[in-house]
Amino acid sequence: MDKSRIQELIQKAIEQMRFSYVPYSNFRVGAALLTRDGKVYTGCNIENAAYGPTNCAERTAFFKAVSEGERQFDAICIVGGPDGVLKGYTAPCGVCRQVMMEFCNPETFQIILAVSTEDYRVYTLKELLPLGFGPDNLA
């Protein structure tokens, strides 16, 4: 993926942080999910007083996309920080990685972790979830 596309995803993820509902942690997260055909779905984290029903930004983006009929994805960008200040890389939690395994090729799906449009790292899903369990394991 070229640098300008990565920077576009980073910017969209940063913009999404403002919609986060985080009255408990004050840790805002934004995500921008790229489909195979070039559409971008965004998400933010949404907390809940019971904690368990909290939804991560990554899953929000995936669920929005899947609910619109999307099933093929190329990349996701994730940004986050306390009070929306980007201080370090925000990696997806284990549940989000498992959701990615459901819909993405672990060898090719790219996960972009960013602090800014110039400071980012790109990983494959397989790098962040080695020996992951997905639909292919049930065949």
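Remember, it's a predicted structure, so these values are computed and weren't measured experimentally. The residues of the chain are indexed from 1 along the displayed sequence. Heavy atoms only: backbone and side chains are in, while hydrogens, waters and symmetry mates are out.
Cluster membership for Met1 and Met100, using ILVMFWY side-chain heavy atoms within less than 4.5 angstrom, is shared. At a threshold of 4.5 Å between side-chain heavy atoms, the hydrophobic network of Ile, Leu, Val, Met, Phe, Trp and Tyr places Val66 and Met101 in one connected group. In this structure, Ile76 is a member of the same hydrophobic cluster as Val115, with clusters built from ILVMFWY side-chain heavy atoms closer than 4.5 Å. Cluster annotation: Val95 is not connected to Leu128 through the hydrophobic network of ILVMFWY side chains, with a link wherever side-chain heavy atoms come within less than 4.5 Å. A continuous path of hydrophobic side-chain contacts links Ile111 to Ile14 [ILVMFWY only; heavy atoms under 4.5 Å].
Listed by chain and number, the residues in a salt bridge (charged side-chain N to carboxylate O under 4.0 Å, His left out) with Arg5 are Glu8 (sequence neighbours excluded). Residues forming a side-chain hydrogen bond (donor to acceptor under 3.5 Å, both in side chains) with Lys3 (at least two apart in sequence, or on another chain): Glu118. The side chain to side chain contact (heavy atoms under 4.5 Å, CB included) test applied to Phe63 returns Asn55, Arg59, Val99, not counting sequence neighbours. Listed by chain and residue number, Tyr41 satisfy the side chain to side chain contact (heavy atoms under 4.5 Å, CB included) test with Glu68 (two or more places apart in sequence, or in another chain). Asp136 pairs by the side-chain hydrogen bond (donor to acceptor under 3.5 Å, both in side chains) definition with nothing, not counting sequence neighbours. Judged as a side chain to side chain contact (heavy atoms under 4.5 Å, CB included), and not counting sequence neighbours, Pro130 has no contacts. A search for side-chain hydrogen bond (donor to acceptor under 3.5 Å, both in side chains) contacts involving Gln16 returns Thr42, not counting sequence neighbours. By the side-chain hydrogen bond (donor to acceptor under 3.5 Å, both in side chains) test, Thr108 pairs with no residue at all, sequence neighbours left out. The salt bridge (charged side-chain N to carboxylate O under 4.0 Å, His left out) search around Arg71 returns none, not counting sequence neighbours.
Under the 4.5 Å side-chain criterion, counting only non-hydrogen atoms from C-beta, Met17 is in contact with Val79. Side-chain contact between Phe27 and Thr90: present, with at least one pair of heavy atoms (C-beta onward) separated by less than 4.5 Å. Side-chain contact between Thr35 and Val40 is absent, with no heavy atoms from C-beta onward closer than 4.5 Å. At least one side-chain heavy atom of Glu58 sits less than 4.5 Å from a side-chain heavy atom of Val29. Within the 4.5 Å cutoff, no side-chain heavy atoms of Gln110 are placed close to those of Ile6. The side-chain heavy atoms of Glu15 and Gln11, taken from C-beta on, include a pair separated by under 4.5 Å. Looking at Pro92 and Ile78, their side chains come closer than 4.5 Å, going by heavy atoms from C-beta outward. Residues Leu34 and Leu9 have side chains in contact (heavy-atom distance under 4.5 Å, counting atoms from C-beta outward).
From Asn45, atom CG reaches atom SG of Cys56 across 7.0 Å, with rounding to the nearest 0.5 Å. From Leu33, atom CG reaches atom SG of Cys104 across 7.0 Å, with rounding to the nearest 0.5 Å.
Looking at Thr60, its side chain does come within 3.5 Å of a backbone N or O of Cys44 through a donor-acceptor pair. Looking only at distances, no side-chain donor or acceptor of Asp119 sits under 3.5 Å from a matching main-chain atom of Ser116. Without hydrogens or angle criteria, Thr54 side chain to Asn48 main chain gives a donor-acceptor distance under 3.5 Å.
Heavy-atom neighbours of Leu131 CG from other residues, nucleotides or ligands within 6.0 Å: at or below the threshold of 12.
Counting all heavy atoms, side chain and backbone alike, Ala61 lies closest to Ala31 at CB-CB, 4.5 Å. Here the shortest heavy-atom pairing between Ala114 and Cys77 reads CB-SG, 4.4 Å.
The ring-ring contact (aromatic ring centres under 6.0 Å, His included) pairs that include a residue from residues 88-139 number zero, where partners must be two or more places apart or lie in different chains. Each side-chain hydrogen bond (donor to acceptor under 3.5 Å, both in side chains) pair with one or both residues in residues 21-31, not counting sequence neighbours, appears once here: Ser25-Glu47. Residue pairs meeting the salt bridge (Lys or Arg N to Asp or Glu O under 4.0 Å) criterion with at least one partner in residues 82-108, sequence neighbours excluded, are Glu107-Lys126.
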